[in-house]
**Q** 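The structure that follows is given in the form of structure tokens.
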Amino acid sequence: MGVELILQGKDGPIAKAFTGRARARKEKLRASGKDAAIAVPEGCPTTIACVSGFLVNMRQGRLQLVTPVPGSERWPLGYRIVAQRFFSTPDEFREGLDSIIDENMLESPPPNRPIRFRGDLQYEVGDHCFHLRSRNIEHRVFDGEVPIPWPSKSRAGTVHPGS
């Protein structure tokens, strides 16, 4: 099995994400007038993770379903917490896991709820596809039927199924 290592040490080839303690330290330095001491490189990675899944803290008895997002004041750790449960026994862990799955991991999107893209993504209709653009990359998502029309009265980043 192939394993990819993403080395993020001080001398590593990839800059660390500007999240967590790095954000806190930058704020502390900014308050003391020394914010130039930590420069955030252009094109700096925006999240600490590239997968969605469960984050388990056994010591705190915390179970979280997380998904990566750009680090911000709202999500300073570089991931969005979709759901969270606390546990102190194996049975409570299993109950928390099952309830998070039942509430958040649906087999298909409900027809009465909008599908939203992250706020920093731009959506554009293409020919039998749609484009999603971030500041670093563009994805083209092909649709075997027809492109999904952009609803004129919806908020940016929202697609209503069946519109």
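Predicted, not measured: the structure shown is a model, and the values here were computed from it.
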**Q** Once side chain to side chain donor-acceptor pair (under 3.5 Å) is applied, do any residues pair with Arg62, and if so which ones, sequence neighbours excluded?
**A** Gln60
**Q** Answer yes if Leu77 and Phe54 sit in the same cluster of Ile, Leu, Val, Met, Phe, Trp and Tyr residues linked by side chain heavy atoms under 4.5 Å apart, and no otherwise.
**A**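 As far as the 4.5 Å side-chain criterion goes, Phe54 and Leu77 are not connected within one cluster.
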**Q** Could you pull out all residues at least two apart from Gln84 that satisfy side chain to side chain donor-acceptor pair (under 3.5 Å)?
**A** Gln64
**Q** Glu138: what forms a salt bridge (Lys or Arg N to Asp or Glu O under 4.0 Å) with it, not counting sequence neighbours?
**A**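 Applying salt bridge (Lys or Arg N to Asp or Glu O under 4.0 Å) to Glu138 gives Arg133.
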**Q** Would you say the side chain of Leu121 lies within less than 4.5 Å of the side chain of Ser134, judging by non-hydrogen atoms?
**A**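 Yes, close enough: below the 4.5 Å cut-off.
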**Q** Pair up each side-chain donor or acceptor in residues 102-110 with any protein partner under 3.5 Å, not counting sequence neighbours, and list the distances.
**A**
{"unit_1": "Glu103", "atom_1": "OE1", "unit_2": "Arg85", "atom_2": "NH2", "d": "2.8"}
{"unit_1": "Glu103", "atom_1": "OE2", "unit_2": "Arg85", "atom_2": "NH2", "d": "3.2"}
{"unit_1": "Asn104", "atom_1": "ND2", "unit_2": "Ile100", "atom_2": "O", "d": "3.1"}

**Q** Do Glu92 and Thr89 make a side-chain contact, defined as non-hydrogen atoms from C-beta onward lying under 4.5 Å apart?
**A** yes
**Q** I'd like to know if Trp75 and Val82 are part of one continuous hydrophobic network [Ile/Leu/Val/Met/Phe/Trp/Tyr, side-chain heavy atoms within less than 4.5 Å].
**A**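 Different clusters.
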**Q** I need the minimum non-hydrogen distance between Leu55 and Tyr79, along with the two atoms involved.
**A**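 Minimum heavy-atom separation between Leu55 and Tyr79: CD2-OH, 3.4 Å.
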**Q** Atom OH in Tyr123, atom CG in Leu132: separation rounded to 0.5 Å?
**A**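 Here the interatomic distance stands at 8.0 Å.
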**Q** Under the criterion side chain to side chain contact (heavy atoms under 4.5 Å, CB included), I'd like the reasoning laid out for Val141 against Phe130: C-alpha separation, chi angles, the key distance, then a yes or no.
**A** CA-CA 5 Å; Val141 181; Phe130 63 88; 3.6 Å; yes
**Q** Evaluate Leu97 against Leu63 for side chain to side chain contact (heavy atoms under 4.5 Å, CB included), listing each step before the verdict.
**A** CA-CA 7 Å; Leu97 189 66; Leu63 172 66; 4.0 Å; yes
**Q** Check side chain to side chain donor-acceptor pair (under 3.5 Å) between His139 and all other residues, then give those that pass, not counting sequence neighbours.
**A** none
**Q** Decide whether Val56 and Phe86 are clustered together by the hydrophobic rule: side chain heavy atoms of Ile, Leu, Val, Met, Phe, Trp, Tyr closer than 4.5 Å, transitively.
**A**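 Shared cluster, no.
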**Q** Measuring from Cys129:SG to Glu124:CD, what's the distance to the nearest 0.5 Å?
**A** 9.0 Å
**Q** Which residue pairs satisfy the ring pair (Phe, Tyr, Trp, His ring centres under 6.0 Å) criterion with at least one member in residues 87-113, sequence neighbours excluded?
**A**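 Residue pairs passing ring pair (Phe, Tyr, Trp, His ring centres under 6.0 Å), neighbours aside: Phe87-Phe93.
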